[in-house]
**Q** 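First the structure, which I've put down as C-alpha cells, then a few questions once you've had a look.
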Protein chains: 2
Amino acid sequence: MRGWRLTAQRRVVAEVLDGDHVHLTADEVHARAVSRLPEISRATVYNTLGELVTLGEVLEVATDGRAKRYDPNAHQAHQHLICSGCGAIRDVHPLGDPVAALPADQRFGFTLSGAEVTYRGLCPDCR
Amino acid sequence: MRGWRLTAQRRVVAEVLDGDHVHLTADEVHARAVSRLPEISRATVYNTLGELVTLGEVLEVATDGRAKRYDPNAHQAHQHLICSGCGAIRDVHPLGDPVAALPADQRFGFTLSGAEVTYRGLCPDCR
DNA sequence: GCCTAGCTTGGACTTTGTCTAAGTCAATAC
DNA sequence: GTATTGACTTAGACAAAGTCCAAGCTAGGC
C-alpha cells in the first residue's frame, strides 16, 4: 500500500493540465475538473497540483502576485513573456543560460538552482 | 489645490521604505508605520504604496505568489536572488541586458518593456 | 471480500488585498 | 488669519486565493 494511489480525481486533474490550455490558475483547473467529475473539491485540486509540482511534472508560475498559474510544460526549460495589457502568457526560449549571467561575486555564497525570467511588454492586440 | 498632498501618513510610509530594511511586504510596512503613527490605516498604506509604484519611486516584486514586496531601490536596474530555504532576498546585478537574450522570433510581435530575473538557490546558512 | 493507509470532502479559517461611505485636513484664495 | 474645497484617511465590510481539519470513503494489497 505504499506509493501514489491513482484516483479518479488525480486522473482528472492531470488530464485537465494535459489539454491545450496552458497556464491555468488553480481555480480554472478546478472549474474544468468539475465539468468532468462534478463532486471534486477545491482542496483536492490544490493537493494534487501541489503533488504534481513536487514530482516535477508541473511548474508553478507566480507572475502577477494574484493567483499562481500551473504550467504543464515542466520538462523543457523555458521562460515567460507576459502582456502588461491583457495578461496573456507565452512560453519563450531565450538564448543562453540566464544563470550564467550572474557572476560569482554576485552570488553571495548561494548555491544556485535556477533562474526564472519574466519578459513584460504589450502584445500586438493591446498596442 | 492640484497635485500631490504631503500628509503625515505619506511621509511615514516613505520613511519606512527609506530605512535599511528592504523588500518589505505591505503588512510589514504597515507594522513599521504604525509604530511611528499609530492611527495609520492599512488602506492608506496600500494606497500610498500603489502611488509610489505608479510614480516609479518603488518597485513591486511578486516573488512567491504570496504577499507582494516593495523594493525602494527603483532607480537602479537590478534583479533578485532568493533563498529557497529561508526566503531571504538580495539585490544582484547580472551581466548584460536580459532583454537582449530574447531573439526577435521569440517576441511574437510584443513590444518589450523589460525583464525580471529571479535567481533561486540556497544561501550559506540554509545549506 | 476485508482491511487499512492514504485520499477526498466540505466547510471553517487565514492571508492578502480592495472598496466604500463618512469624516478630516492641506493648500490655496481671499 | 480664515474660509473653502477637493483630495486624503479611516474603519470596517468584502473578496480572492489558499490552507487546514475532522470525518468519511476507497484503491490496492492480502
**Q** Any idea how A:His23 and A:His80 line up, ring-wise: parallel (<30°), tilted (30 to 60°), or perpendicular (>60°)?
**A** perpendicular
**Q** Looking at B:Glu15, B:Glu57, B:Glu51, which hits salt bridge (Lys or Arg N to Asp or Glu O under 4.0 Å) with B:Arg10?
**A** B:Glu51
**Q** Round to the nearest Å and state the distance from A:Trp4 atom CH2 to C:dC7 atom P.
**A** 9 Å
**Q** Please state how far atom CZ in A:Arg10 lies from atom P in C:dG6, giving the value in whole angstrom units.
**A** 11 Å
**Q** I'd like to know if the side chain of B:Glu28 and the backbone of B:Thr25 have a donor-acceptor N/O pair within less than 3.5 Å.
**A** yes
**Q** Could you list the protein-to-nucleotides 15-19 of chain D atom pairs, N/O on both sides, closer than 3.5 Å?
**A**
unit_1 : atom_1 : unit_2  : atom_2 : d
D:dG18 : OP1    : A:Lys68 : N      : 2.9
D:dG18 : OP2    : A:Tyr46 : OH     : 3.1
D:dG18 : N7     : A:Arg42 : NH2    : 2.9
D:dG18 : O6     : A:Arg42 : NH2    : 3.4

**Q** Take atom CG of B:Leu6 and atom P of D:dT9, then tell me their distance rounded to the nearest Å.
**A** 10 Å
**Q** Side-chain contact test, heavy atoms from C-beta onward, threshold under 4.5 Å: evaluate it for B:Val22 versus B:Asp91 and give yes or no.
**A** no
**Q** Tell me the interatomic distance from A:Glu39, atom CD, to C:dG10, atom P, rounded to whole angstroms.
**A** 8 Å
**Q** D:dT26, C:dT9, D:dA11: which one has an atom nearest the side-chain heavy atoms of A:Arg5?
**A** D:dT26
**Q** Please state how far atom CD1 in B:Ile40 lies from atom P in C:dC25, giving the value in whole angstrom units.
**A** 14 Å
**Q** Rounded to the nearest angstrom, tell me the gap between atom CG in B:Leu37 and atom P in C:dC25.
**A** 12 Å
**Q** When you check the phosphate oxygens OP1 and OP2 of D:dT26, does a side-chain N or O of A:Gln9 lie under 4.0 Å from one of them?
**A** no
**Q** How close or far is atom C1' of C:dG11 from atom NE2 of A:His30, stated in whole angstroms?
**A** 13 Å
**Q** Given side chains that start at C-beta, do those of B:Phe108 and A:Cys123 come closer than 4.5 Å, heavy atoms only?
**A** no
**Q** Quickly work out the A:Glu51 CD to C:dT8 C1' distance and round it to whole Å.
**A** 11 Å
**Q** The side chain of A:Thr48 is closest to which nucleotide in this list: D:dC8, C:dT8, D:dT10?
**A** C:dT8
**Q** Under 4.0 Å from OP1 or OP2 of D:dT9: is there any side-chain N or O of B:Thr7 that close?
**A** yes
**Q** Shared ILVMFWY cluster between A:Val53 and A:Leu59, side chains joined below 4.5 angstrom?
**A** no
**Q** Backbone N or O of B:Gly121 within a donor-acceptor pair of the B:Ser84 side chain at under 3.5 Å?
**A** yes
**Q** 5'-most contact on DNA chain C: B:Ala8 or A:Thr44, nearest heavy atom basis?
**A** A:Thr44
